Trainee: 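Sending over a structure as C-alpha cells; questions will come in a sec.
These numbers were taken from a predicted model, which means no experiment stands behind them.
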Amino acid sequence: MKRVAISTLGCKTNQFESAAMAESLGREGYELVPFDAEADVYIVNTCTVTGRTDSESRRLIRRAVRRNGAARVVVTGCYAQVAADAVRSLPGVSLVVGNTEKKSIVELLRTLDDRQRVLVSDIMAEERAEPLCLETFAEHTRAFLQVQNGCNAFCSYCIVPYARGRSRSVAAVDVLAGIRRFAAEGFREVVLTGIHLGAYGLDLDPQRELLDLLTAVEEEESVPRLRLGSVEPNEVNDGMIAFLAMSRVVCPHLHIPLQSGSDTVLERMNRRYSRAFVRVLVTRLVAAVSDITIGMDVIAGFPGETDEEHAETVALLDELPIAYLHVFPYSSRTGTPAATMAGHLPPAVITRRAAELRALGAHKKTVHAARFIGRELSVLVQEAVRPGLVRGLSRNYLVITLAGDEELLNREIMVRITGLAGGELLGEKV
C-alpha cells in the first residue's frame, strides 16, 4: 500500500504535523496523492475545537471510504484524541491514532492489517515536546514551525488542553535548527506556531520565555521574515512590545485571542485580563510598532451572554485600531466547564451576534487596508493568480495583488499600493 492521501483540519500546528507526516512517508517511498484521488491509505488529521469541525472530520472520513472502500482509513488529530470511541465506531476506520502517536506514522502504516486498532495514549502524561523532523514545506512560500504544544490555561469553553495536553516547548537549539533548514530550502518566511505560543519556554530547564527565543532568531538572521502565531493579551509584555518595535526580522503583525470584550464574560471564560487591559495594550502596540496589523479572535454567544455583554464586546472592538476579526460562534464541548453552565443561548441568537461581529470585522479590514494606499510595502509574492497577475503578503499581513509573472514567486519586492477593490489591496512593483 504505497499511495497515501492526507487531509488536514484546524490550526497551523496540525498543518505542520501533517507536513511532517507527509515528508516522513515520502522518504519511505510512499506516493503522496490528493485526497480526492484513489489511495491505498487515507489519513484524516482532525480538529475538535468546535462541533462543526467534528462534523467536518466525520465527513472527510466518509468521503475517503466512498472513494476507495478497500483503502485503510487512519484518523488522527484532536478529535481522535478526545473521542477515540466515537471515531472507531465510524464505518471504514482502520486505525485511530492520538496526537502523541502520529509522529510514528511510518511504523504504524507498516503494520496496518485487517484488524481495527486504537492507539491513543494519555496526552496529559506527556512532558516533552519532541521536534518533528521537517525539512521542506511543499507548495508553500511560507513555512510553519511548531515550537510549542499543549496548554495549561483551561479556559472554560476550550477542549484543546484535553486534546493536546500540558504546555511543552521545543528546545531553542532545535527551533533555530528548524529555521535554518527552512532557510536552506529557500523559504523567505517562517511562522512560529504553538497551541499556547506565549507559554513557550516556561517548562524548559533552565526556564525561558518566548522573547528569549525571538531574540536568538533575530541575532542569527537566518531567515528574512519571522511571523508569530497567536499570542495571549497578557503575554504581550513591555519587553515584547519594545522588541517588536525594533525588530528587523519579526513581522509587525500580532494575532490576539480576545474572545470577549465584556469583563463579566471574560471572568466566566476563565480569561485572565480585562477590557481595560486590552484597550491599553492595543493603544501601546499601535503607538510603538510602526504599521502593525492586529487581528483578534472573538466568541459569539457564550453561555449566559446578555445583550448588554454582547454590546460591550462590539463597543470595545469598534473603538480599537485593529485590522480583522476571526469570529467563532460558541460551540459547546462536552467535558468543559462551559458545557454545564446555565444560559446556553438559542442558535439563532448566536448566529445573529456572530454575523454582527463579522460585519464589524469586514469594516475594520477595509479601513485598515485603505490606510496604506499610496504607500510602499515589502511584499513576499506567494502565488500566480492568473497569467500576468500575482498575489503576495506584506510584512504586516496585508494581501496585495499586482501585475507580474511566475519569476516573482517567493521573492520579496517593494510594491506601491495603488488602490482597494473588493476588500483587497492592489499595487504595482516599484
Trainee: Quick one: do the Gln148 and Ser169 side chains pair a donor with an acceptor below 3.5 Å?
Mentor: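 No donor-acceptor contact under 3.5 Å links the two side chains.
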
Trainee: Mind checking whether Val65 and Leu90 have side chains closer than 4.5 Å, heavy atoms only?
Mentor: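 No. Closest side-chain heavy atoms not under 4.5 Å.
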
Trainee: Tell me whether the centres of the aromatic rings in Tyr42 and Phe35 are closer together than 6.0 Å.
Mentor: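 Centroid distance Tyr42-Phe35: below 6.0 Å, so yes.
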
Trainee: One thing to verify: whether Glu356 and Arg352 come together as a salt bridge, which I'm taking to mean a side-chain N less than 4.0 angstrom from a carboxylate O.
Mentor: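 Result for this pair is no, no salt bridge flagged.
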
Trainee: The test is side-chain hydrogen bond (donor to acceptor under 3.5 Å, both in side chains); show your working for Ser18 and Asn45 and say whether it passes.
Mentor: CA-CA 7 Å; Ser18 285; Asn45 195 4; 2.9 Å; yes

Trainee: Take Arg353 and Thr313 through the test side-chain hydrogen bond (donor to acceptor under 3.5 Å, both in side chains) and record every step on the way to the result.
Mentor: CA-CA 10 Å; Arg353 290 180 183 177; Thr313 295; over 6 Å; no

Trainee: Using salt bridge (charged side-chain N to carboxylate O under 4.0 Å, His left out) as the criterion, point out the one residue from Arg164, Lys103, Lys12 that pairs with Glu17.
Mentor: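 Exactly one candidate clears the test, Arg164.
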
Trainee: Under a 4.5 Å cut-off applied to non-hydrogen side-chain atoms, are Leu197 and Ser230 in contact?
Mentor: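 With C-beta onward as the side chain, the pair stays apart.
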
Trainee: Do Ser262 and Thr264 have side-chain N/O donor and acceptor atoms under 3.5 Å apart?
Mentor: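 Yes, Thr264 and Ser262 have a side-chain donor paired with an acceptor closer than 3.5 Å.
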
Trainee: Please list all pairs meeting salt bridge (charged side-chain N to carboxylate O under 4.0 Å, His left out) that have one or both residues in residues 255-269, counting only residues at least two apart or in different chains.
Mentor: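 Every pair satisfying salt bridge (charged side-chain N to carboxylate O under 4.0 Å, His left out) with a residue in residues 255-269: Arg268-Glu309.
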
Trainee: Counting the benzene-type ring for Trp, do Phe187 and Phe144 have ring centres under 6.0 Å apart?
Mentor: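 No, they do not, as the ring centres are separated by 6.0 Å or more.
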
Trainee: Do the charged groups of Arg208 and Asp203 touch, with an N to O distance under 4.0 Å?
Mentor: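 Answer for the salt bridge query: no.
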
Trainee: Can you label the angle between the Phe277 ring and the Tyr273 ring as parallel, tilted or perpendicular, going by 30° and 60°?
Mentor: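 Aromatic pair Phe277/Tyr273 classed tilted.
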
Trainee: Is there side-chain contact between Leu108 and Leu95, with at least one heavy-atom pair below 4.5 Å?
Mentor: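 Touching, per the 4.5 Å side-chain cut-off.
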
Trainee: Going by salt bridge (charged side-chain N to carboxylate O under 4.0 Å, His left out), name the pairs with one or both residues in residues 229-239, residues two or more places apart or in two chains.
Mentor: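 Sorted pair list: Glu232-Arg271, Asp238-Arg284.
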
Trainee: If you define the side chain from C-beta out and look only at heavy atoms, does anything of Val4 sit under 4.5 Å from Asp40?
Mentor: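 Side-chain contact under 4.5 Å: no.
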
Trainee: Go through the steps for Ser378 and Glu412 under the test side-chain hydrogen bond (donor to acceptor under 3.5 Å, both in side chains), then give the verdict.
Mentor: CA-CA 6 Å; Ser378 179; Glu412 193 169 9; 2.7 Å; yes

Trainee: Around Glu221, counting heavy atoms of other residues, nucleotides and ligands shown, do more than 12 lie under 6.0 Å from its CD?
Mentor: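 Yes - once you tally the heavy atoms of other residues, nucleotides and ligands closer than 6.0 Å, there are more than 12.
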
Trainee: Please determine, by modelled atom types, if Ser55 and Arg58 share a side-chain donor-acceptor pair under 3.5 angstrom.
Mentor: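 A donor-acceptor contact under 3.5 Å links the two side chains.
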
Trainee: Does the side chain of Val327 come within less than 4.5 Å of Ile299's, by heavy atoms?
Mentor: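 The answer is no, as the side chains (C-beta and beyond) never meet within the 4.5 Å cut-off.
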
Trainee: Got Asp54 and Thr50 here, is their nearest side-chain heavy-atom distance under 4.5 Å?
Mentor: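 A side-chain contact is absent here, since even the closest heavy-atom pair is not under 4.5 Å.
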
Trainee: One pair to check against salt bridge (charged side-chain N to carboxylate O under 4.0 Å, His left out): Glu31 and Lys2. What are the steps and the verdict?
Mentor: CA-CA 6 Å; Glu31 177 189 358; Lys2 286 294 185 180; over 6 Å; no

Trainee: Please confirm whether Lys365 makes a cation-pi placement over Tyr324, using NZ or CZ under 6.0 Å from the six-membered ring centre and within 45° of the ring normal.
Mentor: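 Because its charged atom misses either the 6.0 Å distance or the 45° angle limit, Lys365 does not stack over Tyr324.
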
Trainee: Is it true that Arg275 and Ser260 share a donor-acceptor pair across their side chains at a distance under 3.5 Å?
Mentor: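 There is no such pair between these side chains.
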
Trainee: Step by step, would you call Glu189 with Arg395 a salt bridge (charged side-chain N to carboxylate O under 4.0 Å, His left out)?
Mentor: CA-CA 9 Å; Glu189 179 176 316; Arg395 287 184 169 251; over 6 Å; no

Trainee: Do Tyr397 and Arg227 come within less than 4.5 Å of each other through their side chains, counting heavy atoms only?
Mentor: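 Sidechains of Arg227 and Tyr397: in contact.
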
